[in-house]
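Below: the structure, in structure tokens.
The figures here come from the full heavy-atom set of this structure, side chains too, leaving out hydrogens, waters and symmetry mates. As the structure is a computational prediction, the values presented were derived from the model and not from experiment.
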Amino acid sequence: MTSISPLPSPTVTPADQWAQKTFQTLKFGGVAGGRDHRLRPSSLSGATTDELCRLLRSLPDPSPPSSYNALIKAFALSGAHLDALRAYTLMRARSVPPDPFTLPAVLRSAAALPSLATALEAHGLAVKSGLDAHLPLCTALVGAYCSCGHPDFARRVFDRTDGRDAISYNTMIAGHVKCGDFELARDLFDRMRVRNVSSWNTILDMYCKIGDLRAARRLFDEMPERNIVSWNAMISGHAKAGDFVFARELFDLMPERNVVSWNAVIGSYFHCGFFSETLDLFRMMQASDIKPNEVTVVAVLPACAHLGALDLGQWVHAYIQKQRIKMDLYVTAALVDMYGRCGNLEDARKVFYHAVKRDAFLCSTMIEVFAMHGRSQEAFQVFDFMRSKGIWPNAVTFKGLLRVCAHGGLVEFGLKYFNMMREQFKLMPKVEHFGCMVDLLGRAGHLEEAHDLILGMPMEPPPMVWASLLSACKIHGNVKLAEEVAFHLIELEPQSCANYVMLANIYSKANRWEDAAKMRRMMKEKGAVKKLGCSSIEVSNGVHEFFAGDQHHPHCRQIYQMLDHMAIRLKRKGYVPCTSSVLHDVDSNGREQVLLHHSEKLALAYGLITTEKGTTIRIFKNLRVCNDCHQFLKLASQHYDRQVIVRDCNRFHHFVGGSCSCSDYW
DNA sequence: ATAGGGTTAG
């Protein structure tokens with residue numbers, strides 16, 4: 001191996017900036033350390049990052065390289081790679097010579113961050129210290145360069161290394177895979193002489209990741225030896241392709257399973273949208289002898305969130321605390337998301353404010369939750385917090401901010417954040433950002449601006465975006481634009497009933513009954529089927545589902561009786577059924593019945609019958625809440641003195657004392 | 001005494 005030539009850094013990461021600044025101040029040279037007070041890896045196991053930082057600060061000078069090595073390794077083990085590099089910097093500042101174990105450990109942290117500057121510096125030091133023939137060090141360099149997106153540097157090191165073994169080959173192959181050079185990876189694999197299981201697994205995983213499951217299957221069949229990792233790679237490959245049935249077959253077939261196998265198969269159910277099955281499998285896992293870990297709960301919590309299973313979600317939270325599952329950023333964000341989506345804003349907030357560490361991902365989750373609940377001020381506060389702590393916002397952060405603006409009708413703020421993301425943070429707005437802006441402008445009555453924004457989008461506007469404009473036309477009674485948009489939408493997706501219904505409602509509102517009837521006929525001709533409203537409610541004996549007009553519930557009679565009583569009482573309080581939005585060809589009495597049997601009203605009646613006075617009622621709906629139900633729920637919350645929380649397909653409504661948290665803007 | 005590099009799940 002020869003000395004390195006100067007190489008430009010293509011992208012400077014924050015870790016790089018820090019590393020470059022500190023390395024500039026370093027002097028090269030070597031003084032042997034003393035022999036007292038040396039740290040051992042065993043004495044550092046179980047130490048928290050804070051304790052390790054204190055140890056580093058109080059590390060006597062001189063100390064032997066082994067003490068620094070132990071700290072670097074311990075930091076890396078707890079995921080504190082920047083601190084690992086800090087320990088290394090101190091070592092260099094004190095001119096402690098690295099031993100053969102120092103640089104591989106440093107390079108692992110450089111790969112994890114990643115920090116190209118550190119990799120380059122370590123490489124230079126290796127050459128200077130004559131350690132550059134050390135095989136583990138060369139392998140670590142290859143890994144670090146690949147993680148930094150420089151397979152070319154890695155390949156140069158690899159090609160000049162003598163006595164390469166299976167591990168160095170595997171590192172280079174995995175590096176090529178990581179960088180997307182699949183042919184180079186396969187070529188190297190074909191050329192290596194002594195392959196082990198890991199070599200096969202790397203290539204197997206490559207085919208799984210690029211979705212070539214036939215090649216993966218072929219490889220899996222011809223492998224001379226298989227281990228758990230091979231099976232797990234196959235499971236996750238099929239899970240990603242949506243074939244959860246085969247993923248499950250593999251899982252049942254494999255000779256032994258570990259926590260990764262369970263997580264892969266649980267994740268496959270989650271990704272395919274089978275949320276109750278996800279939870280079933282989690283229960284099976286607990287009956288097995290494999291202990292769930294962080295990754296497990298990160299698959300289970302979103303499943304609870306989707307189902308609105310707050311009870312189980314709370315149980316998982318308690319389980320995390322009891323079983324000492326690490327509250328890393330993923331777990332914290334999953335908890336915030338679960339509480340938020342289950343309508344428990346207080347606990348979502350609590351988890352976020354108690355988090356020991358917050359990054360852009362976690363903050364964006366919190367903003368998204370506040371957006372769902374229409375808490376614009378708190379969402380903006382999180383954003384201000386991010387900026388004060390130097391947490392760089394990403395596209396998801398701005399999506400949440402724009403949603404919060406759209407839900408609150410805050411046009412000025414929306415425009416501010418939309419411009420800020422482009423100008424200040426150099427983030428290109430994606431489809432979802434345009435969607436929020438169209439929603440925001442449209443609802444606020446700026447229909448022309450919203451329309452212009454769609455026409456000026458750099459990508460093909462998806463039906464969703466047109467649909468928000470259409471719904472804005474409905475709110476503001478712009479029949480002319482509505483017709484244009486609706487017919488465009490019907491052309492795009494003739495099977496979707498929502499577009500016909502929306503335009504028919506707009507016609508009815510403008511007293512154009514014949515046109516409304518025409519839309520109904522057109523809907524039938526094109527074979528579009530109305531999506532049935534469905535609401536669920538969790539009471540003490542489980543989750544109950546109601547469809548619009550549902551007659552299947554065992555307590556059906558009491559529920560409908562209750563609804564009739566409610567209608568009489570609430571009418572005295574000012575409830576006026578909004579019959580103009582009913583499409584069915586029935587008389588006005590029948591229309592009232594149709595409205596009264598909307599799924600969220602059924603769920604509400606059931607909740608009132610079965611739960612104690614004072615209990616909050618939580619309802620989850622698959623569609624948007626209609627105007628009539630919204631009015632009904634407001635009056636019911638007052639008359640029955642109950643807090644009712646409804647999650648519809650895009651946000652939360654907190655009904656209390658006769659008003660709704662959305663301020664009738666949704 | 002004692003320290004190293006590669007593969008699978010979010």
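Under the ring-ring contact (aromatic ring centres under 6.0 Å, His included) criterion, A:Phe652 pairs with A:His373, not counting sequence neighbours. Under the ring-ring contact (aromatic ring centres under 6.0 Å, His included) criterion, A:Phe244 pairs with A:Tyr269, A:Phe274, not counting sequence neighbours. Contacts of A:Phe620 classified as ring-ring contact (aromatic ring centres under 6.0 Å, His included), with partners at least two apart in sequence or in another chain: none. With sequence neighbours excluded, the residues forming a side-chain hydrogen bond (donor to acceptor under 3.5 Å, both in side chains) with A:Asp99 are A:Asn69, A:Thr102, listed by chain and number. Taking A:Thr278 as the reference, nothing meets the side-chain hydrogen bond (donor to acceptor under 3.5 Å, both in side chains) condition, with sequence neighbours excluded.
Of all nucleotides listed (B:dA3, B:dT8, B:dG10), B:dG10 comes nearest to the side chain of A:His271. Listed nucleotides: B:dT7, B:dG5, B:dT8. Nearest to the side chain of A:Pro104: B:dG5. The side chain of A:Ser198 lies closest to B:dT7, out of B:dT7, B:dA9, B:dG5. Between B:dA9, B:dG5, B:dG6, one nucleotide has an atom nearer to the side chain of A:Ser199 than all others, and that is B:dG6.
Following rounding to the nearest Å, A:Phe251 (CZ) and B:dT8 (C1') show an atom-to-atom distance of 14 Å. Rounded to a whole Å, the CG atom of A:Leu107 is 20 Å from the P atom of B:dA3. A:Leu204 places its CG atom 11 Å from the P atom of B:dA9, with the value rounded to the nearest Å. Rounded to a whole Å, the CG atom of A:Asn263 is 14 Å from the P atom of B:dT8. The interatomic distance linking A:Tyr269 (OH) with B:dG10 (C1') rounds to 19 Å, in whole Å. Straight-line distance from the CG atom of A:Asp337 to the P atom of B:dG10: 17 Å, rounded to whole Å. One interatomic measurement links the two molecules: CG of A:Asn201 to P of B:dT8, which rounds to 9 Å at whole-angstrom precision. Taking atom CE on A:Met172 and atom P on B:dT7, their separation rounds to 13 Å, with Å as the unit.
Pairs of residues two or more places apart, or lying in two chains, that qualify as side-chain hydrogen bond (donor to acceptor under 3.5 Å, both in side chains) and include a residue from residues 279-288 of chain A are A:Asp280-A:Arg283. The stretch residues 297-310 of chain A participates, sequence neighbours left out, in no side-chain hydrogen bond (donor to acceptor under 3.5 Å, both in side chains) pair at all.
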Please tabulate, for side-chain N and O atoms in residues 320-337 of chain A, each donor-acceptor pair with protein atoms closer than 3.5 Å (sequence neighbours left out).
residue: A:Gln321; atom: NE2; partner: A:His317; partner atom: NE2; Å: 3.4
residue: A:Asp328; atom: OD1; partner: A:Tyr330; partner atom: N; Å: 3.1
residue: A:Asp328; atom: OD1; partner: A:Val331; partner atom: N; Å: 2.9
residue: A:Thr332; atom: OG1; partner: A:Asp328; partner atom: O; Å: 2.7
residue: A:Asp337; atom: OD1; partner: A:Arg341; partner atom: NE; Å: 3.1
residue: A:Asp337; atom: OD2; partner: A:Arg341; partner atom: NE; Å: 3.1

Atom pairs and distances, side-chain donor-acceptor, residues 204-216 of chain A, under 3.5 Å, sequence neighbours left out:
residue: A:Asp205; atom: OD2; partner: A:Lys209; partner atom: NZ; Å: 2.6
residue: A:Tyr207; atom: OH; partner: A:Arg186; partner atom: NH1; Å: 3.2
residue: A:Asp212; atom: OD1; partner: A:Ala215; partner atom: N; Å: 3.2

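One cannot find a donor-acceptor pair under 3.5 Å joining the base of B:dG5 and the side-chain atoms of A:Asn170. Side-chain N/O atoms of A:Asn196 and base N/O atoms of B:dG6 include a donor-acceptor pair closer than 3.5 Å. Applying the 3.5 Å distance criterion, the base of B:dG6 shares no donor-acceptor pair with the side chain of A:Thr171.
Within residues 217-248 of chain A, the residues having any heavy atom under 4.0 Å from DNA chain B are, by residue number, A:Val229, A:Asn232, A:Ser236, A:Lys240. Of the residues in residues 324-336 of chain A, those with a non-hydrogen atom less than 4.0 angstrom from any atom of DNA chain B are A:Asp328, A:Tyr330. Of the residues in residues 292-302 of chain A, those with a non-hydrogen atom less than 4.0 angstrom from any atom of DNA chain B are A:Asn293, A:Glu294, A:Val295, A:Val298.
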Q | Derivation of the ring pair (Phe, Tyr, Trp, His ring centres under 6.0 Å) call for A:Phe189 and A:Tyr169 | A | CA-CA 8 Å; A:Phe189 173 78; A:Tyr169 263 95; over 10 Å; no
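Contacts of A:Ile203 with the nucleic acid, taken as non-hydrogen atoms under 4.0 Å apart, are absent. Within 4.0 Å (heavy atoms only), A:Ser66 reaches at least one base atom of the nucleic acid.
At least one side-chain heavy atom of A:Met234 sits under 4.5 Å from a side-chain heavy atom of A:Arg217.
Proximity of the aromatic rings of A:Phe282 and A:Trp262 is defined here by a centroid distance below 6.0 angstrom, and this criterion is not met.
Between the side chain of A:Arg155 and the backbone N or O of A:His150, no donor-acceptor pair lies under 3.5 Å.
Close to B:dG6, at under 4.0 Å from its OP1 or OP2, lies no side-chain N or O of A:Lys178.
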